[in-house]
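One-based numbering, in listed order, for ligands and for the atoms of each. Predicted model only: the values in this text are computed from it and were never measured. Side chains included, hydrogens not; waters and symmetry mates left out as well; all remaining heavy atoms used.
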Amino acid sequence: MSSLLHSCLRKALADPDIALDLGTANTRLYARGQGIIAEEPSIVRMSTDTGRIEEVGVSAAFSIKDKQHALVSPLRAGVVADVKATTALLTPLLRRSRRMGILKPRVLVCAPTDACEEERAALIEATRSAGASAVAIAPEPLAAAIGGGMDVASPHAQMIVDIGDGVTDIAVIRLGSLVATDAVRLACSDLTHAVCDLAATRYDVKLYQNEAERLVRKIGATRQQNLSASYIAAGDDSRTGTLRRVNIYGHEIAAALNPVLKDIIAAVGAALRNLPPEIACEVIESGIRLTGGGACLPGMTALIADETNITVKPVREPMRAVINGARQMLAVGEVTNLWLHV
Ligand SMILES: Nc1ncnc2c1ncn2[C@@H]1O[C@H](COP(=O)(O)OP(=O)(O)OP(=O)(O)O)[C@@H](O)[C@H]1O
Ligand SMILES: [Mg+2]
């Protein structure tokens, strides 16, 4: 059967193709012809007695906390850590795109560039079990560059740094493909943990995750302003378990965040040093583009620019760049037939 006829038949009989950004903190889905149909936290609520998953995404995040349930993150450091929980998260989200098709949808899903074979297999397995008929895996930073408005076809090498929740993915793109990649499993969640550690050791409080994230977003990589101000944050008293509010100074938060920021910068520096000289020169000329939640942190672009001496700018819509790029890649998938039937 000609590929054109096959493609027409598929369009008539199948549910729409889906692009998926399955992130450590956030999951986003785009369905062809429908737009972005899901933007949900990557979280499931599991019964501690039976192990049954009872809520996923937004409804899990806003469910009432009790001792009989635990909130579980299906992904860790950008990759699937629990196939069953990931399947449970994706199944209802994929169902949202259903349009009475007799064939299941094909799903283009993004993965960090350093995901190993086993981690890719877990991603394919979870996507298949959630209802995909075919899966294609795209490199996350390439999708982010396309969705973030970079001219990826340029013959001039450009660097993109995706600072997500669990992984910082660094890639150099030239003529539409990745010419160098580097990743560290260190990103915004490590900044959140650093603030939680600070509150636990200095104030004997187990900060609530959303409170710690709020402080990270307030201070980020800021060097000067706001550091003398103090911020009230809530958590459970480590001894009594009761709610307690603490006053934490901006400079304390900045000091806690500093080692993680240093490691992220060091990874960018190492990626630059590992480039062949002619590519490094092109990157120095074209600058670095930032994406992911980390690109939204105050002071992040300035910090990376100061440390590398290269111009740094965020891409368009940093939090949605991956899904916006993945949706554009779906069209290419049609032509190049990159689908793996599962
Ligand atoms: N302004 C902001 N809005 C939302 N999240 C932000 C903001 N600034 C920083 N963050 C942090 O960004 C992270 C989420 O970013 P993003 O959605 O890019 O991660 P992800 O794609 O889920 O993770 P990964 O790609 O590492 O698997 C969270 O840790 C969040 O606290
Ligand atoms: Mg991401």
Side-chain angles (χ1 to χ4, degrees), residues 19-30 36 38-44 57-58 61 73-82 86 89-90 93 109-115 119-120 122-123 126 137-148 160-171 181-196 207-222 233 253 257 260-261 263-264 267 289-301 303 314-326:
L20 170 61
D21 172 13
L22 181 60
T24 315
N26 299 298
T27 295
R28 298 180 175 89
L29 261 93
Y30 163 88
I36 293 179
E39 278 195 288
E40 308 247 348
S42 308
I43 199 115
V44 302
V58 174
S73 299
L75 284 100
R76 202 166 310 121
V79 293
V80 171
D82 181 334
T86 308
L89 172 71
L90 292 179
L93 303 185
V109 56
C110 300
T113 55
D114 70 337
E119 291 162 343
R120 284 168 198 271
L123 179 61
I137 298 187
E140 229 166 276
L142 182 59
I146 295 169
I160 180 161
V161 180
D162 180 354
I163 308 173
D165 186 66
V167 60
T168 296
D169 213 340
I170 305 159
T181 61
D182 241 306
V184 274
R185 299 208 169 173
L186 193 75
C188 292
S189 62
D190 300 278
L191 296 170
T192 308
H193 292 152
V195 173
C196 289
L207 275 193
Y208 301 141
Q209 162 128 353
N210 57 343
E211 288 285 85
E213 284 177 5
R214 184 173 59 81
L215 297 181
V216 170
R217 286 179 209 173
K218 202 88 202 160
I219 303 297
T222 310
I253 301 167
L257 298 180
V260 181
L261 292 170
D263 287 346
I264 293 174
R289 305 296 297 272
L290 277 196
T291 187
C296 305
L297 290 176
M300 191 59 114
T301 45
L303 179 67
V315 300
R316 189 172 65 206
E317 281 200 277
M319 305 278 297
R320 281 186 168 180
V322 171
I323 195 66
N324 285 340

Point to revise | Side chains of Val322 and Thr291 in contact at under 4.5 Å (non-hydrogen atoms) | key: no
Review point. N/O of Thr24 under 3.5 Å from N/O of ligand 1, yes or no?
Key: yes
Practice item. Please write down residue, atom name and distance for the protein heavy atom closest to atom 9 (C) of ligand 1. Key: Gly293 O, 3.2 Å
Exercise for review: For the residue pair Leu186 and Val260, establish whether any side-chain heavy-atom pair is separated by less than 4.5 Å.
Suggested key: yes
Review point. Should you measure from each heavy atom of Gly23, which atoms of ligand 1 turn up under 4.0 Å away?
Key: 20 (P), 21 (O), 22 (O), 27 (O)
Exercise for review: Could you list the atoms of ligand 1 found under 4.0 angstrom from a heavy atom of Gly78?
Suggested key: 27 (O)
Check your understanding: Do Arg185 and Glu119 meet the salt-bridge criterion of a basic N to acidic O distance under 4.0 Å?
Key -> yes
Review point. So is Arg28 in contact with ligand 1, going by heavy-atom distances below 4.0 Å?
Key: yes
**Study point:** For Leu297, the ligand 1 atoms whose distance to one of its heavy atoms is below 4.0 Å
**Key:** 8 (N), 9 (C)
Point to revise | Heavy-atom side-chain proximity of Leu89 to Leu22 below 4.5 angstrom | key: yes
Check your understanding: Yes or no on side-chain contact (heavy atoms from CB on, under 4.5 Å) for Arg316 and Asn324, after CA distance, side-chain angles and deciding distance?
Key -> CA-CA 10 Å; Arg316 189 172 65 206; Asn324 285 340; over 6 Å; no
Check your understanding: Going by heavy atoms in the side chains, are Asn26 and Glu40 under 4.5 Å from each other?
Key -> no
Point to revise | Test of proximity, Asn26 against ligand 1: N or O pairs below 3.5 Å | key: yes
Check your understanding: Do any nitrogen or oxygen atoms of Met319 come within less than 3.5 Å of a nitrogen or oxygen of ligand 1?
Key -> no
Exercise for review: Provide the number and element of each atom of ligand 1 under 4.0 Å from a heavy atom of Gly292.
Suggested key: 18 (O)
Check your understanding: Identify the closest protein heavy atom to atom 23 (O) of ligand 1: which residue and atom is it, and at what distance?
Key -> Asp165 N, 2.9 Å
Point to revise | Numbered atoms of ligand 1 (with element) below 4.0 Å of Glu140, judged on heavy atoms | key: 25 (O)
Exercise for review: Decide if atom CZ of Arg76 counts as having more than 12 heavy atoms of other residues, nucleotides or ligands within a radius under 6.0 Å.
Suggested key: no
Exercise for review: Please state which part of Ala187 comes within less than 4.0 Å of ligand 1, counting heavy atoms only: side chain, backbone, both or neither.
Suggested key: neither
